[in-house]
Amino acid sequence: MTESDPGALIFPDQQPSLWSPLTPLVLATRATAHLGLMLPAARTLGALAHRAVFLRRGFRGYRARPGDVIVSTFPKSGTNWAMQIGQQIAWRGAAEFRHIHCVVPWPDAPSERVLSLDAVAPPSPTGHRIIKTHLGADGTPWDSSTLCVAVIRDPKEVVVSAYHFVMGLLGLLDRVSPEDFVEIFLADAMPWGGWATHAAGWWALRERDNVQVLEFGAMKRDLPGHVDRLAAAMGVELSASERAAVLERSGLPWMKAHDAQFTPVPLPTVRPKERVPMIRRGASGGSGEMLDAAQQGRIDAHCRQGLLDLGCDLPYDAWFGPRG
(Lines give C-alpha, C1' and ligand atoms only; values in the text may rest on other atoms or scores of the structure.)
Protein backbone atom coordinates (compact mmCIF):
# COMPACT_ATOMS: atom_id res chain seq x y z
CA MET A 1 0.00 0.00 0.00
CA THR A 2 1.26 3.48 -0.89
CA GLU A 3 -0.15 6.38 1.09
CA SER A 4 -0.93 9.81 -0.32
CA ASP A 5 1.64 12.62 -0.26
CA PRO A 6 2.07 13.47 3.43
CA GLY A 7 3.87 16.74 2.78
CA ALA A 8 1.10 18.91 4.22
CA LEU A 9 0.36 16.63 7.15
CA ILE A 10 1.62 16.98 10.70
CA PHE A 11 3.29 14.23 12.66
CA PRO A 12 4.02 13.66 16.35
CA ASP A 13 7.60 14.90 16.02
CA GLN A 14 6.50 18.23 14.50
CA GLN A 15 5.36 21.29 16.43
CA PRO A 16 2.05 22.75 15.20
CA SER A 17 1.78 26.38 14.20
CA LEU A 18 0.82 28.92 16.83
CA TRP A 19 -1.70 30.19 14.29
CA SER A 20 -3.79 27.09 14.87
CA PRO A 21 -7.43 27.80 15.85
CA LEU A 22 -6.73 25.62 18.88
CA THR A 23 -4.07 27.98 20.27
CA PRO A 24 -6.38 30.34 22.22
CA LEU A 25 -8.35 27.40 23.62
CA VAL A 26 -5.21 25.55 24.69
CA LEU A 27 -3.78 28.69 26.29
CA ALA A 28 -7.06 29.43 28.08
CA THR A 29 -7.34 25.86 29.35
CA ARG A 30 -3.78 25.78 30.62
CA ALA A 31 -4.14 29.21 32.24
CA THR A 32 -7.36 28.34 34.08
CA ALA A 33 -5.86 25.05 35.24
CA HIS A 34 -2.79 26.80 36.64
CA LEU A 35 -5.06 29.26 38.43
CA GLY A 36 -7.13 26.44 39.89
CA LEU A 37 -10.18 27.51 37.86
CA MET A 38 -10.39 24.59 35.43
CA LEU A 39 -13.63 23.21 36.82
CA PRO A 40 -15.71 26.43 36.71
CA ALA A 41 -14.24 27.36 33.31
CA ALA A 42 -14.83 23.94 31.74
CA ARG A 43 -18.42 24.57 30.64
CA THR A 44 -17.46 27.69 28.71
CA LEU A 45 -14.26 26.31 27.26
CA GLY A 46 -15.84 22.99 26.29
CA ALA A 47 -18.75 24.66 24.53
CA LEU A 48 -16.43 27.13 22.81
CA ALA A 49 -14.17 24.35 21.56
CA HIS A 50 -17.19 22.42 20.32
CA ARG A 51 -18.50 25.35 18.27
CA ALA A 52 -15.28 27.05 17.21
CA VAL A 53 -13.09 24.08 16.40
CA PHE A 54 -14.76 20.70 16.20
CA LEU A 55 -17.86 21.86 14.32
CA ARG A 56 -16.21 24.45 12.11
CA ARG A 57 -15.95 22.09 9.14
CA GLY A 58 -17.33 18.66 9.88
CA PHE A 59 -18.62 16.93 6.78
CA ARG A 60 -19.43 20.16 4.94
CA GLY A 61 -19.17 19.50 1.22
CA TYR A 62 -18.80 15.76 1.71
CA ARG A 63 -19.85 13.57 -1.19
CA ALA A 64 -20.03 9.90 -0.31
CA ARG A 65 -17.99 7.50 -2.38
CA PRO A 66 -19.02 3.88 -2.84
CA GLY A 67 -17.22 1.89 -0.17
CA ASP A 68 -16.92 4.68 2.40
CA VAL A 69 -16.86 3.40 5.99
CA ILE A 70 -17.39 6.08 8.65
CA VAL A 71 -16.13 5.18 12.13
CA SER A 72 -17.85 7.26 14.80
CA THR A 73 -16.93 7.12 18.48
CA PHE A 74 -17.20 9.26 21.57
CA PRO A 75 -13.52 10.13 22.21
CA LYS A 76 -11.46 7.48 24.03
CA SER A 77 -13.86 4.72 23.05
CA GLY A 78 -11.60 2.64 20.84
CA THR A 79 -11.38 5.07 17.92
CA ASN A 80 -7.96 4.09 16.62
CA TRP A 81 -8.68 0.43 17.23
CA ALA A 82 -11.88 0.52 15.15
CA MET A 83 -10.14 2.52 12.42
CA GLN A 84 -7.27 0.04 12.34
CA ILE A 85 -9.62 -2.93 12.08
CA GLY A 86 -11.46 -1.29 9.20
CA GLN A 87 -8.28 -0.15 7.48
CA GLN A 88 -6.71 -3.58 7.69
CA ILE A 89 -9.86 -5.28 6.37
CA ALA A 90 -9.96 -2.78 3.50
CA TRP A 91 -6.35 -3.64 2.63
CA ARG A 92 -6.71 -7.36 3.37
CA GLY A 93 -4.32 -7.23 6.31
CA ALA A 94 -1.59 -5.37 4.41
CA ALA A 95 -2.30 -1.70 5.22
CA GLU A 96 0.92 0.26 5.78
CA PHE A 97 1.18 3.93 6.75
CA ARG A 98 3.50 6.36 8.49
CA HIS A 99 0.56 7.67 10.52
CA ILE A 100 -3.11 6.65 10.51
CA HIS A 101 -4.14 10.15 9.45
CA CYS A 102 -2.03 9.90 6.32
CA VAL A 103 -4.64 7.42 5.08
CA VAL A 104 -7.80 8.04 7.15
CA PRO A 105 -9.55 11.42 6.78
CA TRP A 106 -10.94 13.10 9.90
CA PRO A 107 -13.41 15.82 8.84
CA ASP A 108 -14.00 17.23 12.33
CA ALA A 109 -10.34 17.20 13.34
CA PRO A 110 -9.13 20.09 15.51
CA SER A 111 -6.34 20.54 12.97
CA GLU A 112 -6.43 21.00 9.22
CA ARG A 113 -3.17 19.11 8.87
CA VAL A 114 -4.72 15.69 8.55
CA LEU A 115 -5.79 13.94 5.37
CA SER A 116 -8.75 15.80 3.85
CA LEU A 117 -11.91 14.19 2.55
CA ASP A 118 -11.16 15.31 -0.99
CA ALA A 119 -7.57 14.04 -1.00
CA VAL A 120 -6.63 11.74 -3.84
CA ALA A 121 -5.21 8.54 -2.36
CA PRO A 122 -4.53 5.10 -3.80
CA PRO A 123 -7.73 3.04 -3.62
CA SER A 124 -7.72 0.01 -1.38
CA PRO A 125 -7.96 -3.39 -3.08
CA THR A 126 -11.49 -3.78 -1.72
CA GLY A 127 -12.57 -0.27 -2.74
CA HIS A 128 -13.19 0.83 0.86
CA ARG A 129 -12.11 4.10 2.46
CA ILE A 130 -12.16 4.53 6.25
CA ILE A 131 -13.22 7.92 7.66
CA LYS A 132 -12.98 8.94 11.31
CA THR A 133 -15.36 11.19 13.23
CA HIS A 134 -16.31 12.02 16.80
CA LEU A 135 -19.57 13.56 15.61
CA GLY A 136 -22.77 11.83 16.60
CA ALA A 137 -25.39 10.32 14.34
CA ASP A 138 -27.04 13.70 13.73
CA GLY A 139 -23.77 15.16 12.44
CA THR A 140 -22.83 12.25 10.20
CA PRO A 141 -24.03 12.23 6.58
CA TRP A 142 -26.14 9.39 5.27
CA ASP A 143 -25.89 7.62 1.95
CA SER A 144 -27.02 4.16 0.94
CA SER A 145 -23.47 3.31 -0.11
CA THR A 146 -21.93 4.40 3.23
CA LEU A 147 -21.37 2.03 6.14
CA CYS A 148 -21.36 3.64 9.59
CA VAL A 149 -19.59 1.88 12.46
CA ALA A 150 -20.19 3.24 15.96
CA VAL A 151 -18.32 1.98 19.02
CA ILE A 152 -19.83 2.56 22.47
CA ARG A 153 -17.62 2.17 25.55
CA ASP A 154 -18.38 2.08 29.28
CA PRO A 155 -18.37 5.78 30.25
CA LYS A 156 -16.44 5.00 33.43
CA GLU A 157 -13.60 3.66 31.28
CA VAL A 158 -13.95 6.68 28.99
CA VAL A 159 -13.41 9.00 31.96
CA VAL A 160 -10.25 7.20 33.07
CA SER A 161 -8.80 7.00 29.57
CA ALA A 162 -9.77 10.59 28.72
CA TYR A 163 -8.26 11.96 31.93
CA HIS A 164 -4.83 10.49 31.24
CA PHE A 165 -5.01 11.34 27.55
CA VAL A 166 -6.53 14.84 27.51
CA MET A 167 -4.80 16.16 30.61
CA GLY A 168 -1.57 14.51 29.50
CA LEU A 169 -1.92 15.98 26.01
CA LEU A 170 -2.39 19.43 27.59
CA GLY A 171 0.46 18.88 30.05
CA LEU A 172 -1.94 19.27 32.99
CA LEU A 173 -1.82 15.95 34.83
CA ASP A 174 -0.16 17.73 37.75
CA ARG A 175 -2.74 20.54 37.74
CA VAL A 176 -6.14 18.88 37.27
CA SER A 177 -7.13 16.13 39.67
CA PRO A 178 -9.08 13.02 38.71
CA GLU A 179 -11.86 14.28 41.01
CA ASP A 180 -12.15 17.54 39.07
CA PHE A 181 -12.09 15.68 35.77
CA VAL A 182 -15.00 13.50 36.89
CA GLU A 183 -16.97 16.69 37.62
CA ILE A 184 -16.17 18.03 34.15
CA PHE A 185 -17.48 14.82 32.60
CA LEU A 186 -20.63 14.88 34.75
CA ALA A 187 -21.28 18.45 33.61
CA ASP A 188 -21.15 17.25 29.97
CA ALA A 189 -18.51 19.94 29.52
CA MET A 190 -16.23 18.01 27.18
CA PRO A 191 -15.65 19.59 23.74
CA TRP A 192 -17.53 16.67 22.14
CA GLY A 193 -20.68 17.02 24.24
CA GLY A 194 -22.28 14.36 26.40
CA TRP A 195 -21.67 10.62 26.29
CA ALA A 196 -25.38 9.76 26.43
CA THR A 197 -26.22 11.93 23.42
CA HIS A 198 -23.61 10.21 21.27
CA ALA A 199 -24.57 6.70 22.42
CA ALA A 200 -28.31 7.25 22.10
CA GLY A 201 -28.04 8.71 18.62
CA TRP A 202 -26.31 5.63 17.21
CA TRP A 203 -28.32 3.13 19.25
CA ALA A 204 -31.50 4.47 17.68
CA LEU A 205 -30.13 3.60 14.24
CA ARG A 206 -28.77 0.15 15.08
CA GLU A 207 -31.28 -1.73 12.93
CA ARG A 208 -30.35 0.04 9.71
CA ASP A 209 -28.62 -2.18 7.19
CA ASN A 210 -25.68 0.20 6.87
CA VAL A 211 -25.11 0.79 10.61
CA GLN A 212 -23.03 -1.38 12.92
CA VAL A 213 -23.17 -0.53 16.64
CA LEU A 214 -20.37 -2.27 18.54
CA GLU A 215 -19.71 -2.44 22.28
CA PHE A 216 -16.06 -1.96 23.27
CA GLY A 217 -16.02 -4.63 25.98
CA ALA A 218 -17.54 -7.23 23.66
CA MET A 219 -14.89 -6.38 21.06
CA LYS A 220 -12.17 -7.00 23.65
CA ARG A 221 -13.70 -10.35 24.57
CA ASP A 222 -14.11 -11.54 20.98
CA LEU A 223 -11.90 -9.69 18.49
CA PRO A 224 -12.06 -12.48 15.85
CA GLY A 225 -15.85 -12.46 15.91
CA HIS A 226 -15.99 -8.69 15.52
CA VAL A 227 -13.45 -8.72 12.70
CA ASP A 228 -15.64 -11.27 10.93
CA ARG A 229 -18.75 -9.17 11.62
CA LEU A 230 -17.20 -5.99 10.25
CA ALA A 231 -15.70 -7.74 7.24
CA ALA A 232 -19.13 -9.16 6.42
CA ALA A 233 -20.73 -5.71 6.78
CA MET A 234 -18.08 -4.34 4.39
CA GLY A 235 -18.70 -7.21 1.98
CA VAL A 236 -15.08 -8.36 2.19
CA GLU A 237 -14.28 -12.05 2.17
CA LEU A 238 -10.87 -12.60 3.76
CA SER A 239 -8.67 -15.61 3.14
CA ALA A 240 -7.34 -17.42 6.20
CA SER A 241 -3.97 -15.70 5.90
CA GLU A 242 -5.54 -12.28 5.36
CA ARG A 243 -7.81 -12.74 8.37
CA ALA A 244 -4.81 -13.76 10.49
CA ALA A 245 -2.95 -10.61 9.38
CA VAL A 246 -5.95 -8.39 10.21
CA LEU A 247 -6.21 -9.97 13.66
CA GLU A 248 -2.51 -9.57 14.35
CA ARG A 249 -2.39 -5.91 13.28
CA SER A 250 -5.61 -5.11 15.16
CA GLY A 251 -4.35 -6.66 18.39
CA LEU A 252 -3.16 -4.61 21.36
CA PRO A 253 0.46 -5.90 21.24
CA TRP A 254 0.90 -4.86 17.59
CA MET A 255 -0.73 -1.47 18.05
CA LYS A 256 1.24 -0.65 21.20
CA ALA A 257 4.43 -1.62 19.41
CA HIS A 258 3.48 0.81 16.62
CA ASP A 259 2.09 3.58 18.85
CA ALA A 260 3.82 6.31 16.83
CA GLN A 261 1.53 5.47 13.92
CA PHE A 262 -1.50 6.40 16.04
CA THR A 263 -0.07 9.15 18.26
CA PRO A 264 -2.38 12.19 18.53
CA VAL A 265 -1.91 15.36 16.55
CA PRO A 266 0.19 17.58 18.86
CA LEU A 267 -1.30 20.70 20.40
CA PRO A 268 0.18 24.19 20.05
CA THR A 269 2.20 25.48 23.03
CA VAL A 270 2.53 21.96 24.52
CA ARG A 271 6.14 20.85 24.70
CA PRO A 272 7.08 17.52 23.05
CA LYS A 273 8.16 16.00 26.38
CA GLU A 274 4.62 16.56 27.72
CA ARG A 275 2.96 14.47 25.02
CA VAL A 276 1.36 11.15 25.81
CA PRO A 277 1.01 7.82 24.01
CA MET A 278 -2.27 7.21 22.21
CA ILE A 279 -2.64 3.65 23.49
CA ARG A 280 -2.20 3.54 27.28
CA ARG A 281 -3.86 0.28 28.35
CA GLY A 282 -6.48 -0.60 25.77
CA ALA A 283 -8.27 -2.67 28.39
CA SER A 284 -11.88 -3.10 29.45
CA GLY A 285 -13.27 -3.20 32.99
CA GLY A 286 -10.45 -1.35 34.74
CA SER A 287 -12.06 1.95 35.75
CA GLY A 288 -11.34 1.14 39.40
CA GLU A 289 -7.70 2.07 38.81
CA MET A 290 -8.72 5.73 39.17
CA LEU A 291 -12.34 5.87 40.27
CA ASP A 292 -13.70 4.83 43.65
CA ALA A 293 -17.08 3.13 44.01
CA ALA A 294 -18.89 6.40 44.69
CA GLN A 295 -17.47 8.06 41.58
CA GLN A 296 -18.31 5.05 39.45
CA GLY A 297 -21.85 5.10 40.81
CA ARG A 298 -22.27 8.79 40.00
CA ILE A 299 -21.09 8.28 36.43
CA ASP A 300 -23.44 5.32 36.00
CA ALA A 301 -26.38 7.28 37.39
CA HIS A 302 -25.63 10.32 35.21
CA CYS A 303 -25.37 8.30 32.01
CA ARG A 304 -28.40 6.13 32.77
CA GLN A 305 -30.46 9.27 33.37
CA GLY A 306 -29.10 10.86 30.22
CA LEU A 307 -30.21 7.86 28.16
CA LEU A 308 -33.59 7.85 29.89
CA ASP A 309 -34.10 11.56 29.17
CA LEU A 310 -33.43 10.82 25.50
CA GLY A 311 -35.87 7.92 25.43
CA CYS A 312 -33.04 5.47 24.73
CA ASP A 313 -33.33 1.80 25.68
CA LEU A 314 -29.64 0.93 25.33
CA PRO A 315 -29.04 -1.95 27.80
CA TYR A 316 -26.75 0.07 30.04
CA ASP A 317 -26.54 -2.30 32.99
CA ALA A 318 -26.15 -5.39 30.83
CA TRP A 319 -23.23 -3.74 29.04
CA PHE A 320 -21.62 -1.67 31.76
CA GLY A 321 -22.87 -2.98 35.09
CA PRO A 322 -20.83 -5.19 37.44
CA ARG A 323 -19.97 -8.59 36.03
CA GLY A 324 -20.34 -11.69 38.18
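Quick note: numbers below take in every heavy atom, side chains included, and nothing from hydrogens, waters or symmetry partners. On a predicted model such as this, the values are computed, not experimentally measured, just so you know.
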Checklist entry - Relative to the ring of W319, is the ring of W203 parallel (under 30°), tilted (30 to 60°) or perpendicular (over 60°)? => result perpendicular
Item to check | Presence of salt bridge, K132 and D108, under 4.0 angstrom | outcome: no
Next on the checklist: Taking the basic N atoms (NZ, or NE/NH1/NH2) and the acidic carboxylate oxygens, is any pair closer than 4.0 Å for R63 and D118?
Outcome noted: no
Checklist entry - Where is the tightest heavy-atom contact between V246 and I85, given as atom of each residue plus distance? => result CG1-O, 4.4 Å
Checklist entry - Does one hydrophobic cluster hold both L308 and F185, with members joined at side-chain heavy-atom distances below 4.5 Å? => result no
Item to check | Exercise: do Q296 and D292 side chains pair donor with acceptor under 3.5 Å | outcome: no
Item to check | M234 to L147 - nearest heavy-atom pair and separation | outcome: CG-CD2, 3.7 Å
Next on the checklist: Regarding E215 and R221, does a basic nitrogen lie under 4.0 Å from an acidic carboxylate oxygen?
Outcome noted: yes
Item to check | Partners passing side chain to side chain donor-acceptor pair (under 3.5 Å) against R298 (at least two apart in sequence or in another chain) | outcome: E183
Item to check | S72 versus W202, side-chain donor and acceptor atoms under 3.5 Å | outcome: yes
Checklist entry - Is the shortest side-chain N to carboxylate O distance from R249 to E96 below 4.0 Å? => result yes
Next on the checklist: Can you see whether H128 engages D68 through a side-chain donor-acceptor pair at a distance of less than 3.5 angstrom?
Outcome noted: no
Checklist entry - Going only through I, L, V, M, F, W and Y residues with side-chain contacts under 4.5 Å, is there a path from I299 to F165? => result yes
Next on the checklist: Can you tell me if D209 has over 12 outside heavy atoms packed within less than 6.0 Å of its CG?
Outcome noted: no
Item to check | Path from L310 to L205 over hydrophobic side-chain contacts below 4.5 Å | outcome: no
Item to check | Derivation and outcome, side-chain contact (heavy atoms from CB on, under 4.5 Å), residues I152 and F320 | outcome: CA-CA 10 Å; I152 302 177; F320 308 131; 4.0 Å; yes
Checklist entry - Closest approach of F74 and S77, non-hydrogen atoms and distance? => result O-OG, 2.7 Å
